[in-house]
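First up is the structure itself, then whatever we jot down about it.
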Amino acid sequence: MTIENAAFERYRRSPNEKTTLPRLLCGTAIVIAFWMAATAVVLFAGTYAYIVWRLPGPSTGKYMQDFLASPIGILSALTSFAGIWIGLLVAMRLMHGEPLSALFGATRRVARGDFLKGLVAVLITSLFSEVLLYWLQPEIARGPIALSSWLLFLVPIVLLALLQTSSEEMLFRGYLLRALAYRFRSPLIWAALPGLLFTSLHWSSASTLAINACVLVSIGAFALLLTLLVYATGNLGAGLGAHLGNNLTGFLLISHQEGYNSFALLNAKPLEGPGWTNWDAVLIAAIGIVSTLLTMLLLLHRRSPLKVGASGQSLP
């Protein structure tokens, strides 16, 4: 399986002369500042509303944790990722003198066809991985949400999940990768650094060391796939679709996280819960890697009907 990099070379050469390391660091600081500000607003305003209006959810006396574990808290937490979009808009204009659309690809448009292919491919391989996880741990129960409520929240969840995943792709596979690739030839810098940063954000203090390790390995493999999609297409479209498909599976279909299971139809044994062995962790990591490899074949093999490429249609 050979990956042509002509489209990526156009993407990496697209930044202007203002894309320097000091400006990249300042721009990154701006994005983080807006992200943290948006998160703080959501946390404090949301917790206050949760207490005053007595919104539905857990009641343990730990108000902020109760708010974040409630359905409205989950939705509110996803809105905080708007801070990344705002920060990127400011950083691109202020530090680099470029429009935000420059991060989408060399054409400054999102490849629509590749977005849909990435979404479909990950939904297929997520189903495969869920079958394997069920074989490993068959503790799956019907979620608390009624089907009518699930249908009611379907569109808002999809839109908010798109807000979250697109902001992460724009930051890690767009802003950071593009600028570092412009300054450095080695993928150990422009691919590995954003990937490691993205992966490290998925560490959970509530999980054991073994489970954290298996999750980070799986996330790291998925981050590598997302980077390869940018390398193959010179566009964020396929990665945007793949990332969305991955998160929608957990938000809406089968949840493996206790804090994010309010809208899922099915709840599996939470990864942060007790009872997982080191061998379980190894198998979970293996399932994640195999699922990512299958997604890679679906999206990058030349005979695949879902193969992505620079010729995909674009979103205006």
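By convention here, the first residue in the shown sequence is residue 1.
When all heavy atoms are compared, the tightest approach of K307 to L300 is CE-O, 3.9 Å. Closest heavy-atom contact between G87 and I30: O-CG2, 3.8 Å. Of all heavy-atom pairs between V31 and A91, the closest is CG2-CB, 4.3 Å. In this structure, T292 and L225 approach most closely via the heavy-atom pair CG2-CB, 3.8 Å. When all heavy atoms are compared, the tightest approach of A121 to L298 is O-CD1, 4.0 Å. Minimum heavy-atom separation, V215 to H202: CG1-O, 4.4 Å.
Using a 4.5 Å cut-off between side-chain heavy atoms of Ile, Leu, Val, Met, Phe, Trp and Tyr, V131 forms no hydrophobic cluster with any other residue. Cluster note: L216 groups with W203, L209 through ILVMFWY side-chain heavy atoms spaced under 4.5 Å, whether in direct contact or through intervening members.
Ring-plane geometry between F198 and H243 is classed as perpendicular, the angle between the planes exceeding 60 degrees on a 0 to 90 degree scale with a lower cut at 30. Ring geometry, W35 versus F81: the interplanar angle falls from 30° to 60°, so the pair is classed tilted.
Between Y11 and the choices N235, T233, V230, the side chain to side chain contact (heavy atoms under 4.5 Å, CB included) rule is met once, by V230.
A distance-only check finds a donor-acceptor pair linking the side chain of R142 to the backbone of I145 [under 3.5 Å]. Side chain of N267 to main chain of G143: no donor-acceptor pair is present (N/O by atom type, distance under 3.5 Å, no hydrogens or angles). In terms of modelled atom types and a separation under 3.5 Å, the side chain of E98 and the main chain of P15 share no donor-acceptor contact. Under a 3.5 Å cut-off, the side chain of T19 and the backbone N or O of N16 do form a donor-acceptor pair. Under the 3.5 Å distance criterion, the side-chain polar atoms of W150 are matched with a main-chain donor or acceptor of F263. Between the side chain of T47 and the main chain of F44, no donor-acceptor pair closer than 3.5 Å is present.
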* To do: Could you walk me through whether M170 and I84 pass the side-chain contact (heavy atoms from CB on, under 4.5 Å) test, one step at a time?
  => CA-CA 9 Å; M170 289 287 284; I84 296 180; 5.7 Å; no
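Two rings, from F8 and Y231, have their centers less than 6.0 Å apart.
For R13, the salt bridge (charged side-chain N to carboxylate O under 4.0 Å, His left out) criterion is met by E9, not counting sequence neighbours.
The local environment of CG in N5 is crowded, with over 12 non-hydrogen atoms from other residues, nucleotides or ligands closer than 6.0 Å. Heavy atoms from other residues, nucleotides or ligands lying under 6.0 Å from OH of Y260 number 12 at most. No more than 12 heavy atoms of other residues, nucleotides or ligands sit less than 6.0 Å from atom CZ of R185.
Counted by atom type alone, S166 and W85 present one or more donor-acceptor pairs between their side chains at under 3.5 Å. Inspection of the Q137 and D280 side chains reveals no N or O donor paired with an N or O acceptor under 3.5 Å.
L21 and I189 end up in the same hydrophobic cluster when Ile, Leu, Val, Met, Phe, Trp and Tyr side chains are linked at under 4.5 Å.
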